[in-house]
Each structure stands twice: as C-alpha cells, then as structure tokens.
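Below: the structure, in structure tokens.
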Amino acid sequence: MRRGFTLLEVLLASIILGTGLAAILVSMSQSQRMMLSSSYLQTAQEVMDLGDMAYPLADVQDPDQDLDVSETKATELWDIVAGAHGPKLTREQEDKYREYTWERVALNRNDSEEEIARLGNLYTVRVIVRWGNGRTSKREEESYVTFWRKKE
C-alpha cells in the first residue's frame with residue numbers, strides 16, 4: 001500500500017491553487033481601481049456643486065454675458081462661495097481639489113434668435129468638471145447637461 005501523493009497529483013493541486021490566487025489578485029486590483037475611480041467621481045460631484053453655488057443659473061440675466069463661465073479652478077470656486085470672511089480650504093481640501101476645474105458652456109448660444117424663440121427661449125447648458133495630472137496627457141472629465149430659460 002502506497003502512502004502520499006504522486007507527482008501528478010501535487011502538480012495538479014499546485015495549478016489549481018495558482019489559478020485561484022491569480023484570480024484573487026486580479027479581482028483585488030480591479031477593486032482598488034474601482035475605489036480610486038469612485039473617489040475621483042465623488043470629488044468631481046463636489047466640484048460641480050461648488051460651481052453651481054459660485055455661478056448659479058438662477059442669477060443669469062443675459063445669456064450672452066453670464067451663461068458661459070470659463071474654466072475655473074475648484075480652489076477659486078471655493079473662495080467665491082466662502083467669500084472674504086468664510087472658511088478657508090484646509091491643506092487636505094487643497095490637495096484634493098488641486099487638479100479639478102469647472103466650466104459652464106451654453107451649447108446653443110450661437111443659434112439665431114428665431115431658433116431660440118422657437119425652443120421657448122430655452123438654452124442647453126453643459127457643465128464640465130475636468131481633472132487629471134497636468135504633467136501627463138491623461139485628463140478625465142465628467143459633465144451634465146441642463147436647461148436655462150431666458151426671461152421674456
């Protein structure tokens with residue numbers, strides 16, 4: 001009667017164990033990437049909110065002058081929202097918002113007055129938040145589209 005395992009059995013067990021460990025490592029890597037992406041998107045949402053507070057659509061009077069807002073750093077948005085006597089950004093917040101910018105663009109502002117009137121004086125507005133490392137060419141962005149109606 002033989003005791004122990006044959007070389008073939010040990011080899012097969014090693015292959016099964018190695019495959020299982022490789023699957024676990026791949027899944028951990030994907031999970032880490034997903035958590036990082038989620039963190040970026042959460043910060044992008046915060047920057048969108050800051051931009052909407054700094055430049056509310058409700059305050060727009062003239063679409064030719066007030067609707068578009070050029071790309072603005074998130075730290076500048078904070079300063080606008082907080083005001084001169086408001087709370088300052090902490091070092092953690094500065095690091096978090098450093099690579100983020102906010103922009104608002106009217107997509108149909110160049111349409112004729114007749115076309116805008118035909119749409120019920122409705123403007124299509126896109127809000128864009130961009131982030132990423134400025135040293136590399138990889139920049140990411142998140143955006144949403146909303147509408148603004150010109151008062152008659």
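Everything quoted here is computed from the prediction, not taken from an experiment.
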Backbone N/O of [Y] and side chain of [X]: donor-acceptor pair under 3.5 Å:
X   : Y   : value
T90 : K88 : no
T19 : I15 : yes
D79 : L89 : no

Mind checking whether [X] and [Y] sit in one hydrophobic cluster, side chains of I, L, V, M, F, W, Y counted as touching below 4.5 Å?
X    : Y    : answer
V129 : L36  : yes
L77  : Y144 : yes
V105 : W102 : no
V60  : L50  : no
V81  : V127 : yes

Are any of the side-chain heavy atoms of F147 and T124 separated by less than 4.5 Å?
yes
- Query: Got a sec, which pairs hit salt bridge (Lys or Arg N to Asp or Glu O under 4.0 Å) with one end in residues 60-73, sequence neighbours left out?
  - Reply: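 Every salt bridge (Lys or Arg N to Asp or Glu O under 4.0 Å) pair that includes a residue of residues 60-73, provided the two are not neighbours, is D68-R109, E71-R130, E71-R139.
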To the closest 0.5 Å, what do you measure between [atom1] ([X]) and [atom2] ([Y])?
X    : Y    : atom1 : atom2 : value
E115 : N110 : CD    : CG    : 12.5 Å
S14  : L7   : OG    : CG    : 9.5 Å
K96  : S39  : NZ    : OG    : 7.0 Å
L11  : T6   : CG    : OG1   : 9.5 Å
E140 : S37  : CD    : OG    : 6.5 Å
E142 : Y40  : CD    : OH    : 14.5 Å

Contacts of D95 meeting side chain to side chain contact (heavy atoms under 4.5 Å, CB included) (sequence neighbours excluded), chain-then-number -> R91, R98
For a quick test of reading the model, state the closest non-hydrogen atom pair linking [X] to [Y] and the distance between them.
X    : Y   : result
P87  : A82 : O-CB, 3.5 Å
G132 : E99 : O-OE1, 2.6 Å
K150 : P63 : CD-CG, 4.2 Å

Using a 6.0 Å cut-off, check whether atom CD of Q32 has over 12 heavy atoms from anything other than its own residue.
no
Taking everything shown except E9 itself, do over 12 heavy atoms lie less than 6.0 Å from its CD? yes
### Query
Between Y97 and E46, is a side-chain hydrogen bond (donor to acceptor under 3.5 Å, both in side chains) present by the stated rule, with each step listed?
CA-CA 9 Å; Y97 293 139; E46 291 173 18; 2.8 Å; yes
Q.
Which residue is it: V69, T146, I128? I am looking for the one with a side-chain contact (heavy atoms from CB on, under 4.5 Å) to R104.
A.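 Passing option: V69.
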> Would you call the rings of W148 and Y123 parallel, tilted or perpendicular, where under 30° means parallel and over 60° means perpendicular?
Replying inline: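 It falls in the tilted class, 30° to 60°.
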